[in-house]
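Just so you know, ligand 1 is whichever comes first in the structure, and atom 1 is the first atom listed for that ligand. All residue numbers in this chain count up from 1 along the given sequence. Small disclaimer: the values here were computed from a predicted structure and weren't measured.
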Amino acid sequence: MLPHFNPQIEDVTVAEIDLAAFHFNVKQLKKKIVKSLFLAVIKTNAYGHGIVPIAKEAIKAGADRLGVTSVNEAVTLRKNGVNHPIQILSAILPSHVKAIVHYRLISSISSEHIAKALSQEGAKQNKTVKVHLKLDTGLHRFGMVPDYIMKLCENCYSLPFLNWEGIYTHFSCADEGDWVTTEKQYRLFLDTVNKLKQNGYFFPLQHVGASTVAIERSDMHKNMVRPGIALFGYQPDERQKKLIDLKPVMTLKTKIVQLHQLPASTKIGYGGTYETKQDEKIAIIPIGHGDGYKRGLSNKGYVLVRGKYAKVVGTISLDQTFINVTNIPNVQEGDEVILIGTQGDNTISARDIAKWIQSNVDEILASIMQRINRIYIYREKEK
Ligand SMILES: *Cc1c(COP(=O)(O)O)cnc(C)c1O
C-alpha cells in the first residue's frame with residue numbers, strides 16, 4: 001500500500017458564492033411577487049453559481065418551486081435530496097419521459113407525441129404526471145402557436161395519467177422594455193387561454209413572466225412568476241436598478257502567480273497582440289478562456305489589484321491571462337486579483353464585463369466553468 005498522501009492544495013482561482021446575498025435577492029423579489037407562486041429559475045447550473053446549494057437556499061428563502069431546462073439538472077437535484085417541486089422549462093425528448101415520471105418532475109408539453117409518451121409512461125409507472133402546456137406567442141423557441149394548441153388539446157387533454165396543471169408562455173422583448181410587443185404577446189396568451197377554457201380545456205396555473213415582469217409588471221404576474229437572473233443579483237436591464245435593490249452573488253477571484261518587469265516594445269502572449277509602451281510591470285493570473293473568462297476580453301477587460309484597475313493585456317490563453325500592473329504600487333506575487341466583485345473602493349460587475357465584450361450578464365456568469373471551485377459563504381450583513 002502507498003503511504004497516505006493528502007496535501008492541502010490551494011485553489012488559486014475560485015468563485016465565491018454569497019448565499020446571504022442570494023437569500024436577500026429572493027426576499028426582495030418576494031416583496032414584488034405577492035399573490036403568485038414563486039418559481040426560482042436555476043437553470044444552467046444556477047446561472048453558473050452551482051445548482052444544488054442554490055436550490056437549497058432558494059427553498060430556505062421561500063421559493064415555491066424550482067425551474068430548470070435540462071432533465072439532467074433536475075435529476076441531479078433529486079439525487080441530492082431536493083424534494084421540492086421542479087419544473088422543466090424546455091422541450092423534452094421521448095427518451096426523457098421515464099426519468100420525468102420517476103422523479104416526479106413537472107414537464108412542459110410542446111408537442112402531441114410528448115403528451116402521449118408521458119401518458120404512456122405514467123401508465124407504466126402508475127403515476128400521474130403534472131404538465132404545463134407551452135404556448136408560443138412570438139419568441140418561436142419551443143412551444144406551440146395558438147392554432148396548434150387547440151388541436152393538441154382535442155387529441156391529448158383527456159389522455160390518462162396527465163394532470164394539466166398549467167399553461168405558460170415566455171416573452172421575447174420584455175427585457176428590452178418593448179411593451180408594445182410584450183403586451184401583444186400577453187393578449188395573445190390571454191385570448192388563447194380563454195378560447196381553450198370555452199372549449200373545456202382548463203389550466204389552473206397560468207404564467208408568463210420572468211425577472212423583468214417580476215420587477216416591472218405586477219399586472220402580468222398571473223398565478224406564478226419565474227425570475228432567474230435577478231436571483232443572482234442582476235436586474236435584466238439597468239433601467240430597473242431604481243425599482244429593486246439586488247446584491248450580486250458571485251465574486252470571481254484569483255492571485256498573481258508571476259510578475260515580469262519588461263522593457264518598452266516587448267510583445268507579450270500568443271500572437272504578440274500587446275506591445276509594452278514603456279518599461280512595464282506585467283502580472284500573470286491563472287485563469288483563462290478555458291475557465292470561461294472570455295477570450296474576447298483580450299486587450300479589453302479590467303481586473304482589480306490592490307483596489308485599483310489593471311488592464312488585461314495580450315491574448316488570453318486557456319489557463320492564463322496577463323494584466324498590466326505598471327501603475328499599481330507594491331504589487332507582489334500572491335496578491336489577490338478580483339475579476340468580478342469588489343476590492344477596496346472599486347467594483348467590477350458581470351455587467352461591466354458584458355459591456356466590454358458586447359455580451360450579457362447571463363453569458364458572463366453561466367460561462368464560468370465547473371472546474372473553478374465554488375466556495376459557499378454566508379457573508380455577514382455590512383454596517
Ligand atoms: C430563463 C427563463 C426564465 C428566467 O428568465 P430571467 O430573465 O433570467 O429571469 C423564465 N422562464 C423561462 C421559460 C426561461 O427559459
Side-chain angles (χ1 to χ4, degrees), residues 22 25-26 28-30 32-33 36-49 51 54-55 58 63-71 73-74 85-92 105-110 131-144 165-179 181-182 185-186 189 203 205-218 220-241 243-244 246 248-250 350-351 354 359-367:
F22 180 80
N25 296 335
V26 174
Q28 287 292 90
L29 285 155
K30 273 179 79 82
K32 300 265 175 197
I33 303 169
S36 315
L37 290 174
F38 188 119
L39 184 149
V41 178
I42 54 168
K43 63 192 179 190
T44 329
N45 195 30
Y47 292 61
H49 294 67
I51 194 160
I54 288 291
D64 299 298
R65 296 180 172 208
L66 306 170
V68 295
T69 47
S70 99
V71 177
E73 285 190 326
I86 302 176
Q87 203 152 335
I88 307 290
L89 301 169
S90 75
I92 56 156
L105 307 175
I106 302 165
S107 184
S108 286
I109 297 278
S110 47
V131 293
H132 287 227
L133 194 52
K134 177 72 191 288
L135 189 61
D136 175 10
T137 53
L139 179 61
H140 303 309
R141 209 159 58 171
F142 69 99
M144 295 180 92
E165 187 192 42
I167 185 165
Y168 75 110
T169 193
H170 193 47
F171 295 140
S172 57
C173 306
D175 291 352
E176 291 75 11
D178 177 353
W179 300 122
T181 303
T182 303
Q185 292 176 356
Y186 186 55
F189 176 80
F203 303 87
L205 294 186
Q206 300 157 16
H207 47 111
V208 298
S211 294
T212 283
V213 165
I215 296 166
E216 284 183 280
R217 294 299 300 253
S218 59
M220 295 183 182
H221 283 188
K222 301 292 284 173
N223 307 109
M224 186 156 77
V225 191
R226 314 182 302 258
I229 189 66
L231 302 169
F232 303 96
Y234 291 91
Q235 296 81 355
D237 190 273
E238 280 182 307
R239 72 175 183 275
Q240 298 154 347
K241 275 192 176 169
L243 300 176
I244 188 168
L246 300 169
V249 175
M250 186 192 292
R351 195 182 305 280
S359 173
N360 72 358
V361 173
D362 301 41
E363 185 189 17
I364 300 305
L365 294 176
S367 294

| Under 3.5 Å donor-acceptor, Asp64 side chain and Leu39 backbone | no
| remark: For Glu73 and Asn45, the nearest pair of non-hydrogen atoms, with its separation, is OE2-N, 2.6 Å
| message | Given Gly209, Pro236, Ala230, Ser211, identify the one with the heavy atom nearest to atom 6 (P) of ligand 1. | response | Ser211
| query | Can you check whether Glu216's main-chain N or O pairs, donor with acceptor, with Gln240's side chain at less than 3.5 Å? | reply | no
| message | If the cut-off is 4.0 Å to any non-hydrogen atom of Tyr47, which atoms of ligand 1 fall inside it? | response | 1 (C), 4 (C), 5 (O), 6 (P), 8 (O)
| Does an N or O anywhere in Thr69 fall below 3.5 Å from an N or O of ligand 1? | no
| Beyond-backbone contact of Ile54 with Tyr47, side-chain heavy atoms, under 4.5 angstrom | no
| said: Does any part of the side chain of Pro227, heavy atoms only, come nearer than 4.5 Å to the side chain of Asn25, both counted from C-beta? | reply: no
| query | Just which atoms of ligand 1 are under 4.0 Å from any heavy atom in Ile229? | reply | 6 (P), 8 (O), 9 (O)
| field | Heavy-atom side-chain proximity of Lys134 to His170 below 4.5 angstrom | value | yes
| said: Looking at non-hydrogen atoms alone, which of Arg226, Gln235, Gln87 comes nearest to atom 11 (N) of ligand 1? | reply: Arg226
| message | If the cut-off is 4.0 Å to any non-hydrogen atom of Arg141, which atoms of ligand 1 fall inside it? | response | 15 (O)
| said: Checking a contact table here: which protein heavy atom is nearest atom 12 (C) of ligand 1, and how many Å away? | reply: His170 CE1, 3.5 Å
| query | Which of these, Ala210, Gly228, Ser108, Gly67, has its nearest heavy atom closest to atom 7 (O) of ligand 1? | reply | Ala210
| query | Would you say Lys134 and ligand 1 have an N/O pair spaced under 3.5 Å apart? | reply | no
| query | Once the angle between the rings of His207 and Tyr168 is folded into 0 to 90°, is it parallel (under 30°), tilted (30 to 60°) or perpendicular (over 60°)? | reply | parallel
| Criterion side-chain hydrogen bond (donor to acceptor under 3.5 Å, both in side chains) on Gln185 and Ser172, from CA distance to verdict | CA-CA 9 Å; Gln185 292 176 356; Ser172 57; 2.8 Å; yes
| said: Could you tell me, atom by atom, which parts of ligand 1 come under 4.0 Å of a heavy atom of Lys43? | reply: 1 (C), 2 (C), 3 (C), 14 (C), 15 (O)
| query | Pro227 heavy atoms, cut-off 4.0 Å: which ligand 1 atoms fall inside? | reply | 9 (O)
